[in-house]
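No experiment lies behind these values; they were computed from the predicted model shown. Atoms within a ligand are numbered from 1 in the order they appear, just like the ligands themselves. Atoms considered below: every heavy atom in the structure, side chains included; atoms not considered: hydrogens, waters and symmetry mates.
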Amino acid sequence: MKSNPTLTLSKEEMKSYGYKIIDTIVDHFETQNSKSPVYQSTRAEMDALFLEEAPEQGEKIEDVLDFVVATVLKKTDILSHPKLYSFVPGPSNYISVMADTLATGFNIFSGGWANAPAAAELEIVTINWLLKLFKLPTKKGGGIFTSGGSMANLTALVTARWQKCGDDFSKAVIYLSDQTHSSNMKAIRTIGFKKEQVRIIPTDLEFKMSINKLKNAIAKDRLEDLDPFCVIGTAGATNTGTVDPLKEIAKICKEEKIWFHVDAAYGGAAILSKKGKSILTGIEKADSITVDPHKWFFQPYEMGCLLVRNHKWLSNTFTEKPEYLRDIEGNTSEINFYDHGIQLTRRFRALKFYMSIKSFGLQSFREAIDYSINLAKKTEEHLRKSTCWEIVSPATLGIINFRYHPLSENFSEKKLDVINQRISQEIISSEEAMLVTTILQNQIVLRMCLINPRTKFEDVLQTIQKCEEIGAKIQKKLNDITIYSS
Ligand SMILES: *Cc1c(COP(=O)(O)O)cnc(C)c1O
């Protein structure tokens, strides 16, 4: 392309370029289930493909696009693939993808009311939908969309600390469990707490925060004249789906006047299903809740959300006016979301949530989530009937952990670890499915997170069958080695 100092394309160029992109996305939606969910590569291989100096002269726009479609977009795991069982999948949905495209196309500034009142209003409306689902007060309550769960947790902890401690937090202590998501620890470090101000409460055999140990820790800290200010409960641990005893923690927090933050980034969406709702009982007592629409609410990246019991807590914490924003104050009912969180310039995240729920209806989301919870249960039942699998953590909110542990053998823990690690490695290198291990109670186990509503029971059975074949093969090898060495 010749030098183009206004960075514009003609109408025809824009159309053909844009249609090509839409065709590519639609083709991806149509074919992704039959692609491999796995792509692994090294830095050297990627450098060989992409490393170059920034070009002084542009190339033909079609050539750049073709190169990206043919190369860049193929060198990635497919997080919305039905056989990607690891991490937290990102099932996404087409309506929201298009909504994001619109929000970017119009480059809407979703920071202040005056700049984009409809964007602010849609954020208020959709946050209200969420407040209502979680039974937080809709009049007083509030919230904000963030880039993800990590930023929502960070925003929550800054708010909790400001409300509870002001700017002297030298004696403040925060409580979490050994299953709390790492983003909370990152946030704690980011906002300048020392290690001595953090208590990691052990979990019980079901991976729930031990209430007794929490009470002990708080009492001890009070005796030391410290200031317990926040407990982080988890509603859907990323490892196991486990929900902490929220009601009991809420009771302690109320008595002790401690902020109760619930990290429901993984499990929060389960509030839409009957079963999930009963598992999440007590979440309505939280002061703040993190949910992550780019997980089980099927939104494309990036979208997290923080909900709070009182919206003033956010504005108290984050309002900070530069001079050039003086003239666009507005009145308090017209929310400037830059006053409710860390970002000033913000993309219009509410649009995809709004359009997908308006288009599909909550009912579709409820059924999708029920489906996942049941799929994990069915998987558990299937595994329990087998002589070679042991359930390590039963199906909870769509997550199940299990390991290869044949009845007929008396393998040491170490050998079982080797077998299960190898099963995962071989499944991944077969590119058939993405199934990684996690560690629970010092055991290496396989973890399946089944929140993709397009994952069929048949997909899961195929993957388990393949794992069994790999397991049997390794088992045989290990036995042969044992025979030789004895
Ligand atoms: C995924 C997750 C997070 C982090 O969210 P991001 O969107 O990845 O930043 C925090 N907490 C829990 C429980 C999670 O599962």
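Judged as a salt bridge (Lys or Arg N to Asp or Glu O under 4.0 Å), and not counting sequence neighbours, the contacts of Arg347 are Asp100. Partners of Glu367 under the salt bridge (Lys or Arg N to Asp or Glu O under 4.0 Å) rule, at least two apart in sequence or in another chain, do not exist in this structure. Applying the ring pair (Phe, Tyr, Trp, His ring centres under 6.0 Å) criterion to Phe348, with sequence neighbours excluded, gives no partner residue.
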Do any nitrogen or oxygen atoms of ligand 1 lie under 3.5 Å from a protein nitrogen or oxygen, and which ones?
{"from": "ligand 1", "atom 1": "5 (O)", "to": "Gly149", "atom 2": "N", "distance (Å)": "3.3"}
{"from": "ligand 1", "atom 1": "5 (O)", "to": "Ser150", "atom 2": "N", "distance (Å)": "3.4"}
{"from": "ligand 1", "atom 1": "5 (O)", "to": "Asp292", "atom 2": "OD2", "distance (Å)": "3.1"}
{"from": "ligand 1", "atom 1": "7 (O)", "to": "Gly149", "atom 2": "N", "distance (Å)": "2.8"}
{"from": "ligand 1", "atom 1": "7 (O)", "to": "Asp292", "atom 2": "OD1", "distance (Å)": "3.4"}
{"from": "ligand 1", "atom 1": "7 (O)", "to": "Asp292", "atom 2": "OD2", "distance (Å)": "2.6"}
{"from": "ligand 1", "atom 1": "7 (O)", "to": "His294", "atom 2": "NE2", "distance (Å)": "2.7"}
{"from": "ligand 1", "atom 1": "9 (O)", "to": "Gly149", "atom 2": "N", "distance (Å)": "3.3"}
{"from": "ligand 1", "atom 1": "9 (O)", "to": "Ser150", "atom 2": "N", "distance (Å)": "2.8"}
{"from": "ligand 1", "atom 1": "9 (O)", "to": "Ser150", "atom 2": "OG", "distance (Å)": "2.6"}
{"from": "ligand 1", "atom 1": "11 (N)", "to": "Asp263", "atom 2": "OD1", "distance (Å)": "3.2"}
{"from": "ligand 1", "atom 1": "11 (N)", "to": "Asp263", "atom 2": "OD2", "distance (Å)": "2.7"}
{"from": "ligand 1", "atom 1": "15 (O)", "to": "Thr238", "atom 2": "OG1", "distance (Å)": "2.8"}
{"from": "ligand 1", "atom 1": "15 (O)", "to": "Lys295", "atom 2": "NZ", "distance (Å)": "2.8"}

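Geometrically, Arg161 engages Phe193 in a cation-pi contact defined by less than 6.0 Å to the ring centre and at most 45° from the axis. Cation-pi contact between Lys378 and Phe457: present, with separation from the ring centre below 6.0 Å and deviation from the ring axis of at most 45°.
For the side-chain contact (heavy atoms from CB on, under 4.5 Å) test with Phe207, the passing option among Thr396, Leu440, Asn239 is Leu440; the others fail.
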